[in-house]
K.L.:
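Below you'll find the structure I mean.
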Amino acid sequence: MTATAQALRSDGRSPGLPGRRKKRARGFGPSGMVWLVCRQHRVAFLLLLVAAAATTVGLAWLAQEASSAVAAVEGPKPSAEDIAVLDAAYLRLELLGLALAGLPVIIGVFIGAPLFAGDLETGTAKFVGVQSYGRWSWVATKLGVAALVAAVTALSTGIAMKALWTPLVNHSAMGTDFTGAGGFDTTGPVTVALAVLGLLIGAAAGLLMRRTLPAMVVTLIALLTVKIAWSQQRMIFADTVTKTTGGGRFGDGDTPQIPVSAVEIDTSYVADDGSLHGWGTCVDTKDTTACLRREGIVGWSVEYLPYSHLGAMQWAATGALAGLILLTTGVLVYAARRALR
């Protein structure tokens, strides 16, 4: 290269094309921001995705084992070993369900809270505005990539957990409760909605607190509060079924039979005027039957939720969670305006 060419290059002009400058390298576009976010948070994202992959594979293997155990027990000659394997599968089901119910908290505390708090705490967030992309593009890209990771994690484990629950509940729902956190919150669309909600709550806390550790603590407290409140509201989305008996049949053996895959919600006495009385009515009297007849009891009423209704119940709950997600997003936008102005 000649000295003239070197001089032209150092001046920003292309050799052989006098008067024309080299085209500047393009700044971070959308793909560049995605790459930047993935690189910045690669450790947390990879750990979560690897853990989700391992959990999904393990759950899929357990689901296959549970299906085989159910088939063996329902066969003509189940062995004691088959029954023991099935009992162990039911025990694991409850433990795994409770463990996976904490996924939104993990995502919120370890992915959501540091997402913006780390940049705000170190001061790197102030340089976002001087780049060739805007601050809101930066916020949207960070949230989008993190939400995708959270959704993929929840979706993969949720599908595998559903495969584990289904054969066991169809065999017998007794001793299991698919309306609780271990079944309802870890399968279907609810698990994805809760994971995204946990992420958004953590991100909003990070923008408000502007420091990572306080944001993680606030996120933990907020998500535990949400989980407690959510546990009190799940059943409002349930489409339950009620069976009754009449004709003066209210003995212990006269209660209506419900499907083996259903969860019993409530059992009551039915009076001749259609009113319901708690199953403890007249329990303290010497002649229970005579007391019940004086109360006008004529039969039983059993309210239950079939497992086949779980899907519709979860989609209805997901709609409610979507509203909460939108509300949290509004708080996050407000927090972002304050933190990045």
K.L.:
CD1/Ile106 to CG/Leu220 distance, rounded to the nearest 0.5 angstrom?
P.N.:
11.0 Å
K.L.:
Flag yes if Leu91 and Leu98 sit in one hydrophobic cluster, no otherwise; membership is Ile, Leu, Val, Met, Phe, Trp, Tyr, and two members link when side-chain heavy atoms are under 4.5 Å apart.
P.N.:
no
K.L.:
In terms of the angle between their ring planes, are Phe184 and Trp230 parallel, tilted or perpendicular, with boundaries placed at 30° and 60°?
P.N.:
tilted
K.L.:
Let me confirm one number: the CE-CD1 distance from Met174 to Ile258, rounded to the nearest 0.5 Å.
P.N.:
8.0 Å
K.L.:
Would you say His309's side chain and Asp239's backbone share a donor-acceptor pair under 3.5 angstrom?
P.N.:
yes
K.L.:
What are the two closest non-hydrogen atoms of Thr187 and Trp165, and how far apart are they?
P.N.:
CG2-CD1, 4.2 Å
K.L.:
Do the side chains of Leu321 and Leu194 get nearer than 4.5 Å, heavy atoms only?
P.N.:
yes
K.L.:
Given 3.5 Å as the limit, does a donor-acceptor pair link the side chain of Gln314 with the main chain of Val190, or not?
P.N.:
no
K.L.:
Let me confirm one number: the CG-CG distance from Leu332 to Leu327, rounded to the nearest 0.5 Å.
P.N.:
11.5 Å
K.L.:
Look at the side chain of Ser156 and the backbone N and O of Thr153, then say whether any donor-acceptor pair between them is shorter than 3.5 Å.
P.N.:
yes
K.L.:
Shortest non-hydrogen contact from Arg234 to Met313?
P.N.:
O-CE, 3.4 Å
K.L.:
Give me the atom names and distance for the closest heavy-atom approach of Val109 to Pro114.
P.N.:
O-CD, 3.4 Å
K.L.:
Taking the side chain as every heavy atom from C-beta outward, state whether Thr288 and Val283 have any pair of such atoms under 4.5 Å apart.
P.N.:
no
K.L.:
Which atom pair, heavy atoms only, marks the closest approach of Leu96 to Met161?
P.N.:
C-CE, 3.9 Å
K.L.:
Does Thr191 reach the main-chain N or O of Gly188 with its side chain, forming a donor-acceptor pair under 3.5 Å?
P.N.:
no
K.L.:
Quick one: does any side-chain atom of Thr328 pair with a main-chain N or O of Ile201 as donor and acceptor, under 3.5 Å?
P.N.:
no
K.L.:
Does the Asn170 side chain pair with the main chain of Pro167, one donor and one acceptor, at a distance under 3.5 Å?
P.N.:
no
K.L.:
Backbone N or O of Lys243 within a donor-acceptor pair of the Tyr304 side chain at under 3.5 Å?
P.N.:
no
K.L.:
With a 3.5 Å distance limit and no angle check, can you tell me whether Thr166 reaches the backbone of Ala163 through a side-chain donor-acceptor pair?
P.N.:
no
K.L.:
Determine whether Asp119 and Lys142 make a side-chain contact, defined as any pair of heavy atoms from C-beta on separated by less than 4.5 Å.
P.N.:
yes
K.L.:
Can you hop from Leu120 to Val333 via hydrophobic side chains spaced under 4.5 Å?
P.N.:
yes
K.L.:
Ignoring hydrogens and geometry, is there a side-chain-to-backbone donor-acceptor pair from Lys227 to Ala101 under 3.5 Å?
P.N.:
yes
K.L.:
Same hydrophobic cluster for Val152 and Ile111, using side-chain heavy-atom links shorter than 4.5 Å among ILVMFWY?
P.N.:
yes
K.L.:
Are Ile297 and Val270 joined in one hydrophobic group, where the rule is that I, L, V, M, F, W and Y side chains link up if heavy atoms are under 4.5 Å apart?
P.N.:
no
K.L.:
Hey, what do you get for CD1 (Ile228) to CD (Gln233), rounding to the nearest 0.5 Å?
P.N.:
13.0 Å
K.L.:
Is there a donor-acceptor pair closer than 3.5 Å between any side-chain N or O of Tyr90 and the backbone N or O of Leu168?
P.N.:
yes
K.L.:
Supply the atom-to-atom distance Leu276 CG to Asp266 CG, rounded to the nearest 0.5 angstrom.
P.N.:
7.5 Å
K.L.:
Test of understanding: with salt bridge (Lys or Arg N to Asp or Glu O under 4.0 Å), list the residues that count as partners of Lys162, not counting sequence neighbours.
P.N.:
none
K.L.:
How far apart are the C-alpha atoms of Leu115 and Leu143, what are their side-chain angles, what is the distance that settles it, and do they pass the side chain to side chain contact (heavy atoms under 4.5 Å, CB included) test?
P.N.:
CA-CA 8 Å; Leu115 194 64; Leu143 283 176; 4.0 Å; yes
K.L.:
Should the pair Tyr307 and Phe178 be assigned to parallel (<30°), tilted (30 to 60°) or perpendicular (>60°) ring geometry?
P.N.:
perpendicular
K.L.:
Around atom CZ of Arg211, are there more than 12 heavy atoms of other residues, nucleotides or ligands at under 6.0 Å?
P.N.:
no
K.L.:
Surrounding CE of Met235 (heavy atoms of other residues, nucleotides or ligands, distance under 6.0 Å), is the total greater than 12?
P.N.:
yes
K.L.:
Does one hydrophobic cluster hold both Met216 and Leu207, with members joined at side-chain heavy-atom distances below 4.5 Å?
P.N.:
yes
K.L.:
Give me the atom names and distance for the closest heavy-atom approach of Leu292 to Cys282.
P.N.:
N-SG, 3.7 Å
K.L.:
Please report the shortest heavy-atom distance between Ala154 and Leu103, naming the atom on each side.
P.N.:
CA-CD2, 3.9 Å
K.L.:
Do Trp136 and Arg337 pass the side chain to side chain contact (heavy atoms under 4.5 Å, CB included) test, and can you show the C-alpha distance, the side-chain angles, and the key distance before you say yes or no?
P.N.:
CA-CA 9 Å; Trp136 289 109; Arg337 286 183 180 275; 3.5 Å; yes
